[in-house]
Number of protein chains: 2
Amino acid sequence: MTNIRKVAELADVSVATVSRTLKTPDIVSPETRDRVLAAVEKAGYRPNMMAVQFRSQRTRNLVVLVPTIANTFFARVIGGIQEAAQRRGYGILLCNTLGDERTERAYAGMVSTRQADGLIQLRAYDPFTTLNGQERPPMVNVCEVLDEAPCPTVKLDNRAAARAVTEHLLSLGHHRIGMIKGPRNSPLTRDRLLGFQDALAAAGLTPDKSLWCPGDFTPPSGHRAAGDLLARTDPPTAIFCENDEMAMGAMRRIKEAGLRVPEDISVAGFDDIAFASYCAPSLTTIAQPAEDFGHEAVSLLLDIIDDRDDAADQHRIMPFELVVRESTGLAV
Amino acid sequence: MTNIRKVAELADVSVATVSRTLKTPDIVSPETRDRVLAAVEKAGYRPNMMAVQFRSQRTRNLVVLVPTIANTFFARVIGGIQEAAQRRGYGILLCNTLGDERTERAYAGMVSTRQADGLIQLRAYDPFTTLNGQERPPMVNVCEVLDEAPCPTVKLDNRAAARAVTEHLLSLGHHRIGMIKGPRNSPLTRDRLLGFQDALAAAGLTPDKSLWCPGDFTPPSGHRAAGDLLARTDPPTAIFCENDEMAMGAMRRIKEAGLRVPEDISVAGFDDIAFASYCAPSLTTIAQPAEDFGHEAVSLLLDIIDDRDDAADQHRIMPFELVVRESTGLAV
DNA sequence: CAATGTAATGTAACCGGTTACATAAACACA
DNA sequence: TGTGTTTATGTAACCGGTTACATTACATTG
């Protein structure tokens, strides 16, 4: 391994001069600089970043905890995180947690032990709770956000967005609307459910909780839930799914039952994943600026890491847009 | 920051004893061990991993270069990589390269500069070509693999799989089969095209190259290509798409033209992504053990890193399976 | 000319662990 | 009791950069 001392020897200067030539070339005389650069070239020298990081106590890595990378929406958010991080000279250490808190804490430990400078969590869980006494490592909570987050957050106004979807369905004449929810205990699911109820209440309707089905954000769970709704003697005329993956599963199930979307039953999703506009019928949904979630998260996290004063208590709400496509139509 | 010296002071022992207590407790006397562990606890000591890594010249990180994380198949492969890496005590540094060679080389540099111990490349490009003289850093090439790869590889027998799909279409009576290809210059696309031709040749048919359309593995490109095929005076009776994303785009376009799948035209994909069984009609495709690609890649890479002798020239072929669903039917 | 300033470079401490080697104490055996 | 062996612990070098401080040479100024 060629190191800075070998280069120094080759150029017949001290290691300090080599270091300066590479980091602050302007304080080195032109002749020396040329000599050192030639030696660097000749030796094929690349600074050992572990030494640099160790010395500076900065890794320029960020840990990203994602419940499941297989979810198309999260994949977009990660893309945004990666892009923003790369632009600012940071790398990302990805962890597909599958919602397992032990795994999350283990990866969060990489920040405590200085393998990374900060953490972005895409789920409503604080992996640093156990930490007592010690200072909180830099963290940002994005997408699915804790209610009393001990760190900056970036989220959608899920309640308002769910209300917008529901109002759209109501405006089409739907009164019995089924709901396929996300995992219980998720603030995100709770907020979307609240928005759904807000809209019903505003329309003077009382919600029928028997039309609420549990799901887990995967297509199979949407498929199953839709089956339950269709098996009723009084099936709903529309189904609001808390994400597009479940909506696609639900649409599949509806067609298997010999019914048409939206003629017999309307379906709405949430997230506007790439397939939402390419499935048949295309899906009415809520578009979210997924990549921007990532950009914001990185920006806030680096603010904390570089401790810019105002960073600690920022809470960003990202804009949404109701995208009406073919899967929702007038109630029968 | 509490470090090993503080703990040593607290326990009234040397730093060596603290280190030994944590790494090789059996060579420390029970009394001392207890005293040290108490001090560790009291100080809330966590070893600084940067120092450990620096000392051992091992980061236990692996760089993963993925053309686009938004591709559902790659997302599964990454999931597999992450799982296997985690099990073996390694973290993964993800880079969404978007196929940009500069970005790939930049991230590959993290291995040369010791920020990571090895690299997994999911695209047919060797980011270490420029490297002259120096030893090749540990690397494995997975999924889309270089023909003369300078490292172990893991891939599908794309030619045989494409042939299987084509034979399936031929067996249904299709003679004019459109092809929606992946990016030019990709060995993967070339092999799938070869398999396609193999099947035609075996059936005594001469391929009509005007039925081959370029695509880029995204739904919009499949949508566009299908439009081109349908606009012909003699459109094909079946379309073979080189991945499921494009197949979904193509099916969408076919329906927009007022045609039915598979009654009017059959469509086959490749990869068997989650949505393949949930779209309507469900998609005939090639199933690949995506997660296993990741597992194999990690296993081979760690073999090189720990330089186990036989590791350097391993080339694994993963199994495929033709999954016949609703999107392919008898030719009209 | 002496005093002072400035530019270029060198010396060595430092980051926080790990570990080879040294040392000391306890024990075994003749 | 003396010698050799084992066990437990300490000392300090080391990994490869960065940088405060020291040093040297030379220019500027009164």
Side-chain angles (χ1 to χ4, degrees), chain A residues 1-40 43-61 89 109-117 134, chain B residues 1-40 43-61 89 109-117 134:
Chain A
M1 202 56 209
T2 81
N3 57 25
I4 200 170
R5 280 159 238 274
K6 292 237 184 64
V7 174
E9 205 174 331
L10 253 169
D12 196 30
V13 294
S14 71
V15 293
T17 301
V18 176
S19 181
R20 283 191 278 253
T21 304
L22 297 173
K23 294 209 32 160
T24 48
D26 41 311
I27 66 163
V28 177
S29 79
E31 308 85 62
T32 312
R33 200 189 310 161
D34 292 346
R35 201 144 38 86
V36 171
L37 290 176
V40 165
Y45 172 67
R46 308 276 307 263
N48 182 326
M49 291 311 287
M50 301 178 66
V52 176
Q53 293 173 357
F54 172 48
R55 181 64 233 230
S56 65
Q57 295 291 356
R58 278 284 188 91
T59 58
R60 300 203 140 244
N61 288 332
M110 296 178 81
V111 184
S112 307
T113 61
R114 313 314 204 108
Q115 279 192 86
D117 300 340
Q134 280 129 115
Chain B
M1 203 56 210
T2 81
N3 58 25
I4 200 171
R5 280 157 237 274
K6 292 238 184 64
V7 175
E9 205 173 332
L10 253 169
D12 196 30
V13 294
S14 71
V15 293
T17 301
V18 177
S19 181
R20 283 192 279 254
T21 304
L22 298 174
K23 294 211 29 161
T24 49
D26 40 310
I27 66 162
V28 176
S29 79
E31 309 85 61
T32 312
R33 200 188 309 160
D34 292 348
R35 202 144 38 86
V36 171
L37 291 176
V40 165
Y45 171 66
R46 307 277 307 265
N48 182 327
M49 291 311 288
M50 301 178 66
V52 175
Q53 293 173 357
F54 172 49
R55 180 63 231 229
S56 65
Q57 295 291 355
R58 278 284 188 91
T59 58
R60 300 204 140 245
N61 287 332
M110 296 177 82
V111 184
S112 307
T113 60
R114 315 308 199 117
Q115 279 191 88
D117 300 340
Q134 280 127 117

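All chains are named by letter (A, B, ...) in the order of the sequence lines, taking the proteins before the strands, and each is independently numbered beginning at 1. What you see is a predicted model; the values in this text were computed from it and never measured.
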Minimum-distance nucleotide (side-chain atoms of A:Thr17 versus C:dG17, D:dT9, C:dG10) | C:dG10
Can you tell me if the side-chain N/O atoms of B:Ser19 get under 4.0 Å from OP1 or OP2 in C:dG17?
-> no
In whole angstroms, the gap separating P of D:dG17 from CD of A:Gln53 amounts to 12 Å
Among C:dT19, C:dT9, C:dG10, the one nearest any side-chain atom of A:Val28 is C:dT9
Starting from the C-alpha separation in whole Å, work towards a yes-or-no answer on side-chain contact (heavy atoms from CB on, under 4.5 Å) for B:Tyr45 and B:Leu22.
-> CA-CA 11 Å; B:Tyr45 171 66; B:Leu22 298 174; 3.6 Å; yes
To the nearest angstrom, how far is A:Asp34 atom CG from C:dT9 atom P?
-> 11 Å
Would you indicate, yes or no, if D:dG17 has its OP1 or OP2 atom less than 4.0 angstrom from a side-chain nitrogen or oxygen of A:Ser56?
-> no
Whichever of A:Arg5 and A:Ile27 has the more 5' nearest nucleotide on DNA chain C, that residue is A:Ile27
Whole-Å distance separating the CZ atom of B:Arg55 from the C1' atom of C:dT19 | 7 Å
Here the distance between atom P of D:dT18 and atom CE of A:Met50, to the nearest Å, is 15 Å
Just wondering, more than 12 heavy atoms not from B:Asp34 lying within 6.0 Å of its CG?
-> yes
Rounded interatomic separation in angstrom, taking CD from B:Gln57 and C1' from D:dC14 = 11 Å
Could you walk me through whether B:Val36 and B:Arg33 pass side-chain contact (heavy atoms from CB on, under 4.5 Å), step by step?
-> CA-CA 5 Å; B:Val36 171; B:Arg33 200 188 309 160; 5.9 Å; no
What's the closest nucleotide to the B:Ser14 side chain, out of D:dG10, C:dG17, C:dT11?
-> D:dG10
OP1 or OP2 of C:dT9 under 4.0 Å from side-chain N/O of A:Ser29 = yes
What do the steps show when you test B:Gln57 against A:Asn48 for side-chain contact (heavy atoms from CB on, under 4.5 Å), and what is the final call?
-> CA-CA 9 Å; B:Gln57 295 291 355; A:Asn48 182 326; 3.1 Å; yes
A:Asn48 vs D:dG16: side-chain N/O to OP1/OP2 distance below 4.0 Å = no
May I ask you to test the A:Thr17-A:Arg35 pair for a side-chain heavy-atom distance under 4.5 Å?
-> no
Rounded distance (Å) that lies between atom P of C:dT19 and atom CZ of B:Arg20 = 10 Å
Please report, rounded to the nearest Å, how far the P atom of C:dT18 is from the CZ atom of B:Arg58.
-> 15 Å
From the options C:dA8, C:dG16, D:dG16, select the nucleotide whose nearest atom is closest to the side chain of A:Ala51.
-> D:dG16
Taking atom P of D:dG16 as reference, at what distance in whole Å does atom CD of A:Glu9 sit?
-> 14 Å
Give B:Val18 one of three labels, base, sugar-phosphate or nothing, depending on what nucleic acid heavy atoms sit under 4.0 Å from its own.
-> nothing
Where the side chain of A:Ile4 is defined as all heavy atoms beyond and including C-beta, which of C:dT18, D:dG10, D:dG17 is the nearest nucleotide?
-> D:dG17
